[in-house]
Protein chains: 2
Amino acid sequence: MDGGVRKTGVTSSQVAQRAGVSQSAVSRSFTPGASIAPETRAKVLAAAKELGYRPNAIARSLTTNRSRIVAVVMAYLDNLFYPDVLEQLGRLLAKEDYRLLLFTGLADGDSDPVFDQLMQYRVDGIVLASTSLSSALSEECAAAGIPVVLFNRTTERDAVSSVTTRNREGGRRVAEFLLAGGHERFGYIAGLESSSTNRDRLAGYREALAEAGHTEILIEVGNYDRAEAQAAARKLLTRPDRPDALFVANDHMAVAVMDVARFELGLSIPEDISIVGYDDVGPARWDAYGVTSMSQPHKRMVEATVEILMSQINSGEIEAEHRVFNGELVVRTSARLPASGVVEVEGRRVFRPGR
Amino acid sequence: MDGGVRKTGVTSSQVAQRAGVSQSAVSRSFTPGASIAPETRAKVLAAAKELGYRPNAIARSLTTNRSRIVAVVMAYLDNLFYPDVLEQLGRLLAKEDYRLLLFTGLADGDSDPVFDQLMQYRVDGIVLASTSLSSALSEECAAAGIPVVLFNRTTERDAVSSVTTRNREGGRRVAEFLLAGGHERFGYIAGLESSSTNRDRLAGYREALAEAGHTEILIEVGNYDRAEAQAAARKLLTRPDRPDALFVANDHMAVAVMDVARFELGLSIPEDISIVGYDDVGPARWDAYGVTSMSQPHKRMVEATVEILMSQINSGEIEAEHRVFNGELVVRTSARLPASGVVEVEGRRVFRPGR
DNA sequence: CTCCATAATGCATACGCATGCATTACCGAG
DNA sequence: CTCGGTAATGCATGCGTATGCATTATGGAG
C-alpha cells in the first residue's frame, strides 16, 4: 500500500550550482523586487529552464508562512448558482495569484468537520459559501489571523465577514409584486430553515404580506433540495385551498416546483398559479421556465469576497466587514403581471413599485 | 500592500515541551502506526488539545515529499455534468484523505497555462476534466512521477491515463435509434471540434448512418456553449431542408437547442423534430425537457478516476491506464419512438436494438 | 585618483516536521 | 539472577526555500 518513490524535483541548489551562483541568488531571481543583477538573473533563469526547475511552493510556504491558498467550502453544487460563483471565484483568485482549495460534498449548516483540514494546510483565507461555521471556530480563525468570509449567509458573530444581498427586502419585494398582481392566497417553499438567507427572505415576505392584511402563509420546506422541493410542492399544490401565489426560496427549487405544477398536476403557469424564485440563475432564464426571480448580483458579490480577503490578508487586520448588495426582481413569465410597476432597465424587465 | 503579520501557529516543539517529551514523540503521536507508548501519546494529545495544536501539513509535505493534494482542472462548470463530477470527486478524494485543488475558468483544449501552478504545489496527482494537456507536459509529469488522468477526454499519448465512455458506440447507438424511428434527414450540433469526445461521437453517428445509406449530415458547431449552440440551432432549424432528427453533442447544448426549437421557432418536439443528447445530466431529466440521451455513468467514472490515481500514487508506477465505460441510451420524450427496441431496465426506459 | 554610497552576492540559519539511528527501559525466558 | 530481545524514546539531520547580515564589486562625485 505504499511503495511510491516520488522523484524529488529539481531544487534551487541544483540550479545554483549549474549557474555558478549561490542558492540565494536563485531564490532572489524568482522573487519579484529582490536585489539581483539582470545578467545574473538571466544566467539563473537559463539554468532553471535547462533543468526544468520550478520553485517549490510548499517549501516557500514554510518560510514565508503564507500558502497563497484560499479554502472554499461549498455545498449545493447541483444548484447552478454555486458553480457560477465557484468559477468566478477561481478566476479572481488566480488573478491575485492565489489557489483555490475546494471542500464540498457536505451539507449546509456547519462546516466544522472540514475545519481541521483547512487549518492543517495553513490556508491564507476561507470562503464559506452556503454554509456557516461554529462560533468557537470562527474565533479560532480570527485568533490565527485567517480571514473568513461567509458568502450568501450571515451570522451575528463578529470576526467573520459576510457578503450577502438584502434578503429581507428581497422577500418584501416579492410580496409587493404578488400583491400588486392581485393574488389572494400565498404560499412559501422554504430552503433550509436554519439558514439566514431563508429566514430573512421569509421574514420580509411575511412582513409585507401582513402589512397588506394577509397573515396566513402556507409553508412547506424544500431544504434547497430538488426532490424535497418537489415533495413540498405536491403537498402544497394539491390542497383544496391551493395558493395562487407561490414564493420559492431559490430558483433551483423553483424550476423543480414548476415541473411538478405543470407536468404532474397539470396546472398552468401563471394562469393557475404564479411562481417567483430567487437568484436569477441559469435555468430560471431558460425559455422553458422563464422564472420571475429576485436576482443576486453574484459577480459583484464574488468580487467583494475577494476584495475582503485580499485586504485582510495584506493588512493582517481581521475586522469583520459586511457587504450587502441590492437585488432586483426580474420579471419573466412565471407570475401574473401587476397592472403597473414593471419597467425595462438595461434590457431586463424588472419590478419597481412606484412610491 | 503587505503588512500582514500572520501569527505563526503552535508547533510540535511547543507541544513537546508542554507534554515533557521530545518533538519526535509528538510527531509519532500523530503518525498512525508509529512506535509510541499509549500513555505518552495520551499526554501528547492532551497537551496538543490545550494548546490548540494542529500538525502543519505544509511542513509535513516538505519532509514526506507528498502533499496529499490532487489538482483538478475543469472547464464548463455551467454544464451540470461537471459540478456533479466535481462534487463526487471531492467526496472520494476526502475519503482517501486527499485535498482537491481546483483550477477552472479556462477553456477546453490546453491546460498548459495552469501547469506551472500545479507543479509548484507538488500535487500528488492531476485530474483533467474536459480538457487536455500538451504532449511535452504529459511527459514531464510522467518523469516527475505524477499521475495524470484525463476525464471524459482521451489522447493517444502514453503516460496519461484516461476515463471515458465508448463515445463512438454511443454515436452509433443514437444513429440506430433515430433510424429505427424512421427519420430521414439527420443533423448534428457539434461540441468543441478538437475534443476527442466530440470527434468520436460524430464518427460513430456518421458511420452508422452511412451504413444505412445516409451520407449527408447537416452539421453546425456549438462548442459546448449554450449561446453558440442556440445560434447553431437557429441556422440549422430554419433551413428549408430542416432535419427531422438532431443529435446534439451533449445535454447542456441539447436543452438550449430545445428552447430555440420550441419557443423561438414554434416547433413541436418530437413531432416536428427529434432531439437526442448526451450525458443524461440533470436538466435533461427534468420534465420540461425530457431529453432522450446517452447516459454516462459518471459515478463509476469518478470512482475509476480516483482508483487510478490512488493506485499510481501508492505504487509509484505511472503506467497509463485507460478505463472505458458503456453508456446507455435513455429514452424520454424528446425523440420519436422506434417501433421496437425500447425496453425497461431498472426503472429506466432504454434503447437496446435487437440483434 | 580616491573615497564612499549603493547594488549585488554569498553565508548561515530558520521554518515545522519526519525519520534513521543510538540509547534506554522493560519483560520474559532460561 | 542473568541475558537477550523488543518496545519506547530522544537526538540529530534533512526537506527546499527565504532572508538578515556581512562581504565584495561597482560606479559616480569630488
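Chain A is the first sequence line, chain B the second, and so forth, proteins listed ahead of strands; every chain is numbered from 1.
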[X] and [Y]: side-chain donor and acceptor closer than 3.5 Å?
X        : Y        : value
A/Thr197 : A/Arg153 : yes
B/Ser195 : B/Tyr224 : yes
B/Arg66  : B/Ser61  : no
A/Asn152 : A/Tyr82  : yes

Legend entry - Distance below 4.0 Å between B/Ser35 side-chain N/O and D/dA8 OP1 or OP2: yes

Between [atom2] on [N] and [atom1] on [X], what's the gap in Å once rounded to a whole number?
X       : N      : atom1 : atom2 : value
B/Gln14 : C/dC15 : CD    : C1'   : 13 Å
B/Arg66 : C/dT19 : CZ    : P     : 11 Å
B/Lys43 : D/dT9  : NZ    : P     : 8 Å
A/Ile36 : C/dG10 : CD1   : C1'   : 11 Å

Legend entry - Donor-acceptor under 3.5 Å (A/Ser29 side chain, A/Arg41 main chain): no

Legend entry - Sidechain-backbone polar pair: B/Arg323 side chain, B/Thr305 backbone, donor-acceptor under 3.5 Å: no

Inset, instruction - Please work out if B/Leu62 contacts a base, only the sugar-phosphate, or nothing of the nucleic acid, heavy-atom cut-off 4.0 Å. - result: base

Legend entry - Contact state string [nucleotides 17-24 of chain D, B base, S sugar-phosphate only, - no protein heavy atom under 4.0 Å]: BBBB----

